[in-house]
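Sharing a structure, written as structure tokens. Questions coming.
Any value given below was found using the heavy atoms of this structure, including those in side chains, with hydrogens, waters and symmetry copies removed. Each chain gets a letter, A, B and so on, in the order the sequences are listed, and its residues count up from 1.
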Amino acid sequence: MANSRRGSAADKGILMSIRTHYCGELSAEHVGQTVTVAGWVDTRRVHSEHLAFVDVRDHTGVVQVVVDQKVDVRSEYVVAVTGLVRARPDGMINAELASGEIEIADTNVQILNEAEPPPFPMHDRNEVDENIRLRHRYVDLRRSKMQRNLRARAKVNSAIRGAMERQGFCEIETPMLIASTPEGARDFVVPSRLNPGDFYALPQSPQLFKQLTMVGGMDRYYQIARCLRDEDLRADRQFEFMQLDAEASFVDQEDVFEFISEAVADATEAVTGERPTDIPTMTWHEAQERFGSDKPDTRFGMELNDITDLFAETESNVFKTPVVKGIRMPGGADSLGRNAIDDLTDKAKRWGAKGLAWFRVRDEGLEGALTKFMSEAEISGVQERLEAESGDMVFLIADDRRVANKVLGLLRLELGKPPVNEGGFNFLWITDFPLFEAVVDGNPIPAHHPFTMPHADDIEMLTTATGDEWLDIRSQAYDLTLNGWELGSGSIRIFQRDVQAQIFELLGIGPDEQQAKFGFLLDAFRFGAPPHGGFAFGIDRLTALLVGEENIREVIAFPKTQSGSDPLTNAPSPIDPSQLDELGLRVVPRAD
RNA sequence: GGUCCCGUGGUGAAGUCAGGAGUUCACGCCGCCCUGUCAAGGCGGAGGUCGCGAGUUCAAAUCUCGUCGGGACCGCCA
């Protein structure tokens with residue numbers, strides 16, 4: 001076989017050489033062996049026709065090749081080099097290089113393909129405009145960071161598969177062309193040729209299908225699933241993204257935590273070499289009170305303190321509010337100037353606060369515009385309760401509880417959030433999410449999908465709650481967070497028809513609407529649905545954090561820009577009028 | 001739908017606030033020299049519609065307006 005392959009290549013005038021080793025694996029133990037490596041020309045150090053050093057690079061690393069004849073190789077030429085591995089002469093060892101103790105000499109260099117100079121440097125000594133990187137993504141992928149990131153991603157996928165298989169999960173593929181449901185995010189839509197005027201939707205997630213597999217007796221389902229949502233893009237959001245999607249029958253919340261924790265622990269270990277220990281849990285309520293967020297970044301302190309009671313008798317109108325909370329920024333008194341504080345005040349207002357109370361902590365006590373409206377007891381109380389020391393900065397928000405938590409939570413991140421690659425990997429389960437996120441005209445609005453099981457202790461409240469009491473009803477919904485990022489969410493699902501009917505009624509979803517939106521799932525539930533629950537987490541986000549990237553585009557081979565285009569393929573693009581005809585579509589001219 | 005930042009030879013930056021000849025730096029590219037470099041070195045050279053279009057001005061990379069592209073964020077993402 002090898003002979004015939006050589007023969008056919010030679011027929012085309014190309015001398016094919018079969019690689020014997022990867023560049024990065026060669027070391028002192030190969031000295032004396034004749035080897036062939038193949039790859040791209042990295043840096044060259046050409047002295048003359050009589051001596052040149054060429055670094056040949058493949059995905060494993062680079063190796064120095066000594067060329068003692070005239071060979072015209074340039075950046076990114078594709079070469080195969082055969083030669084003798086020898087120890088470098090004394091004093092010529094490069095400790096920076098894995099293969100730095102050796103070099104390949106007495107070489108025969110075959111140019112397999114020439115290459116134009118790369119559109120940007122292959123080294124990573126400076127940032128390259130992302131648009132240019134994406135336009136030439138095939139070149140960008142050759143760079144060490146993208147090699148590392150994509151290979152880390154492959155490890156994550158592999159580790160997840162291993163963990164799920166080991167735990168008895170069955171991989172099931174669900175369709176990409178499905179019926180549109182008006183819930184949730186905006187659908188991507190695909191016109192039907194056989195039924196002109198009708199459309200498929202691309203799945204936002206396999207949610208309903210995975211529940212059907214539970215009714216179908218599959219017991220434990222998983223899928224590394226592509227999900228599509230036509231919403232605006234962000235650093236942590238692409239149109240298409242990958243999730244580990246899982247669902248299991250006859251399980252409770254703790255079971256779900258266990259098998260998902262196993263998957264993320266395996267994935268983390270595969271990439272970083274360190275396995276996270278037991279993942280702690282925190283209730284949604286505690287996360288809001290301590291961190292002002294449902295995805296708290298627990299890598300740093302600056303927690304929120306409730307000091308409402310200090311102002312029970314206050315004379316100051318600013319603090320005559322349902323809640324007063326504060327955070328302390330260590331050393332902030334000296335690092336934050338007046339402009340920075342004004343900037344923070346603007347932000348606090350944009351986030352919904354009426355204002356931002358701030359105090360510099362000095363040896364003499366608190367300094368700030370509001371101190372003249374505060375009593376001695378209030379001033380000293382703030383300092384004591386926030387454990388503020390000289391040199392610190394203290395910020396207070398006086399408002400209702402929701403606003404105070406939200407604004408201080410965002411302020412805390414603004415002032416203290418560490419870089420993405422610092423502080424280790426702090427996974428955290430957030431439990432007991434509220435079942436409803438708001439009350440509009442006296443009617444509760446669901447926080448998740450309508451199949452989320454209410455908390456067992458709160459089911460009675462479903463019949464008694466009024467007004468804002470709806471917001472106190474907890475659900476068996478939970479999130480997994482990592483260093484302040486939401487990785488994913490899940491819930492125990494409602495499987496009893498009476499509870500489901502009750503929820504639909506509360507949500508004001510009548511029988512017709514139920515049938516239109518979820519008909520097939522409700523039908524399925526009539527035929528014996530087991531208790532079940534599940535989870536899904538984003539693989540792009542997990543991988544990005546594990547490799548220390550703050551942008552998921554860095555762990556996606558061919559991502560879209562923020563405006564949803566692909567500089568490499570120029571998607572999206574118009575289609576041929578005949579295609580429109582076939583689909584029964586007509587494009588409405590843009591109104592300008 | 002909105003707020004903010006960016007756009008200068010192939011790449012990265014400085015120049016823009018305070019208008020005065022396409023000026024500068026590093027890398028890369030091309031040529032010559034060079035037998036131990038490793039981000040090789042020396043000498044020489046080429047390469048530009050300062051994203052695009054209007055406007056202001058004697059004069060615009062620089063100021064104004066618009067527009068295109070990229071990025072961060074708000075809205076949105078059950």
What about A:Arg234, does its side chain sit under 3.5 Å from the base of B:G75 through a donor-acceptor pair?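 It does, because a donor-acceptor pair links the side chain of A:Arg234 to the base of B:G75 below 3.5 Å.
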NA contact type, A:Arg88, heavy-atom cut-off 4.0 Å: base, sugar-phosphate, or nothing?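 Base contact - A:Arg88 has a heavy atom under 4.0 Å of at least one base atom.
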What's the CD-P distance between A:Glu127 and B:G7, to the nearest Å?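 Rounded to the whole Å, the gap is 16 Å.
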Identify whether a stacking contact exists between A:Phe53 and B:U37, where the ring centres must be under 5.5 Å apart and the planes under 30° apart.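 Yes.
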Would you indicate what A:Val62 reaches in the nucleic acid, counting non-hydrogen atoms under 4.0 angstrom: base, sugar-phosphate, or nothing?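 A:Val62: no heavy atom of the nucleic acid under 4.0 Å.
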Out of B:U11, B:C76, B:C29, which has the shortest distance to the side chain of A:Pro121?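 Closest nucleotide to the A:Pro121 side chain: B:U11.
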With sugar-phosphate meaning primed atoms plus P, OP1 and OP2, does A:Asn551 contact a base, only sugar-phosphate, or nothing at under 4.0 Å between heavy atoms?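 The answer is sugar-phosphate, as A:Asn551 gets under 4.0 Å only of primed atoms, P, OP1 or OP2.
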Among B:C74, B:C77, B:G36, which nucleotide sits nearest the side chain of A:Leu51?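 The nucleotide sitting nearest to the side chain is B:G36.
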A:Arg45 has a side chain; which of B:A72, B:A40, B:G36 sits nearest to it?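 Output: B:A40.
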Taking donor-acceptor contacts at under 3.5 Å, does the side chain of A:Arg237 reach the base of B:C77?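 Indeed there is one.
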Interatomic distance at P, B:U8 relative to B:G71, whole Å: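 Rounded to whole Å, the distance is 15 Å.
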Base B:C76 paired with A:Arg229 side chain (donor-acceptor, <3.5 Å):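 No pair found.
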Nearest 0.5 Å please: distance from the CG atom of A:Leu545 over to the CH2 atom of A:Trp485.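 One finds 4.5 Å between CG of A:Leu545 and CH2 of A:Trp485.
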Which part of the nucleic acid, if any, lies within contact of A:Gln64, taking any heavy atom under 4.0 Å across all strands shown: a base, the sugar-phosphate backbone alone, or nothing?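 Answer is base: heavy atoms of A:Gln64 come under 4.0 Å of a base.
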Under 4.0 angstrom, heavy atoms only, what part of the nucleic acid is A:Glu76 near: base, sugar-phosphate, or nothing?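 No contact at all - A:Glu76 keeps every heavy atom at 4.0 Å or more from the nucleic acid.
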Report yes if a donor N or O on one partner sits less than 3.5 Å from an acceptor N or O on the other, where the partners are the side chain of A:Glu116 and the base of B:G10; otherwise report no.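 No.
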Partner nucleotide of B:G7 by Watson-Crick or wobble geometry (both distances under 3.5 Å):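 Here B:G7 is engaged in a pair, and the nucleotide opposite it is B:C68.
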Indicate, with a heavy-atom threshold strictly under 4.0 Å, whether A:Ile132 touches base, sugar-phosphate, or nothing.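 If one applies the 4.0 Å heavy-atom cut-off, A:Ile132 turns out to touch the sugar-phosphate alone, with no base involved.
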C1' atoms of B:G31 and B:G69, separation to the nearest Å: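 So the two C1' atoms sit 37 Å from each other.
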Does A:Pro450 reach a base, just sugar-phosphate, or nothing at all? Heavy atoms under 4.0 Å.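 The answer is nothing, as A:Pro450 stays clear of every strand by at least 4.0 Å.
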A:Lys354/A:Asp399 salt bridge by N-O under 4.0 Å criterion: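 Yes, this pair counts.
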Below 3.5 Å, does any donor atom in the side chain of A:Arg553 face an acceptor in the base of B:G70, or the other way round?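 Under the 3.5 Å cut-off, the side chain and the base do not form any donor-acceptor pair.
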Using Watson-Crick or G-U wobble geometry with both distances under 3.5 Å, which nucleotide pairs with B:C58?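 By the stated definition (distances under 3.5 Å), B:G20 pairs with B:C58.
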Touch check for A:Gln204, heavy atoms < 4.0 angstrom, all strands: base, sugar-phosphate only, or nothing?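 A:Gln204: no heavy atom of the nucleic acid under 4.0 Å.
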Reckon A:Arg143 touches a base, only the sugar-phosphate, or nothing at all at heavy-atom distances under 4.0 Å?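 Nothing: the residue A:Arg143, judged by heavy atoms under 4.0 Å, touches no strand.
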Identify whether any heavy atom of A:Thr561 sits under 4.0 Å from a base atom; if not, whether one sits that close to sugar-phosphate; answer base, sugar-phosphate or nothing.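 If one applies the 4.0 Å heavy-atom cut-off, A:Thr561 turns out to touch the sugar-phosphate alone, with no base involved.
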Would A:Asp343 and A:Lys347 pass as an ion pair if we require N to O under 4.0 Å?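 Looking at A:Lys347 together with A:Asp343, the answer is yes, because their closest N to O distance falls below 4.0 Å.
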Regarding A:Asp129, tell me which of base, sugar-phosphate or nothing describes its non-hydrogen contacts under 4.0 Å with the strands shown.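 Sugar-phosphate only.
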Are A:Arg45 and A:Asp55 close enough for a salt bridge, meaning some N to O gap below 4.0 Å?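 Salt bridge: yes.
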Describe the nucleic acid contact of A:Ser563 in one word from base, sugar-phosphate, nothing, applying a heavy-atom distance below 4.0 Å.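 Since only primed, P, OP1 and OP2 atoms lie under 4.0 Å of A:Ser563, the category is sugar-phosphate.
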Going by an N to O cut-off under 4.0 Å, is there a salt bridge joining A:Arg402 and A:Asp400?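 No, A:Arg402 and A:Asp400 are not salt-bridged.
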Take atom P in B:G2 and the same atom in B:G53, then report the distance between them in whole Å.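 Those two atoms are separated by 25 Å.
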Does the base of B:U35 carry an N or O that pairs as donor and acceptor with the side chain of A:Glu49 under 3.5 Å?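 Under the 3.5 Å cut-off, the side chain and the base do not form any donor-acceptor pair.
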I'd like the C1' distance from B:U64 over to B:U57, given in whole Å.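 Roughly 12 Å separates the two C1' atoms.
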With a 3.5 Å cut-off and just heavy-atom distances, do the side chain of A:Asp232 and the base of B:G75 make a donor-acceptor pair?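 Side chain to base: pair present.
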Scan A:Ala447 against the nucleic acid and name what it touches under 4.0 Å (heavy atoms): base, sugar-phosphate only, or nothing.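 Result for A:Ala447 = sugar-phosphate.
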A:Met92 side chain, from C-beta outward: closest of B:A72, B:C38, B:G12: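 Looking only at heavy atoms from C-beta outward on A:Met92, the closest nucleotide is B:C38.
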Please classify the nucleic acid contact of A:Asn131 as base, sugar-phosphate, or nothing, using heavy-atom distances under 4.0 Å.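 Result for A:Asn131 = sugar-phosphate.
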For the pair A:Thr569 and A:Asp566, evaluate side-chain hydrogen bond (donor to acceptor under 3.5 Å, both in side chains) and give the outcome as yes or no after the intermediate values. CA-CA 6 Å; A:Thr569 64; A:Asp566 177 3; 2.9 Å; yes
To the closest 0.5 Å, what do you measure between CD (A:Gln515) and CD1 (A:Ile509)?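 Answer for the CD-CD1 pair, A:Gln515 versus A:Ile509, is 13.0 Å.
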Please give the nucleotide sitting opposite B:G41 as a Watson-Crick or G-U wobble pair, both distances under 3.5 Å, or none.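 Per the H-bond distance test, B:C33.
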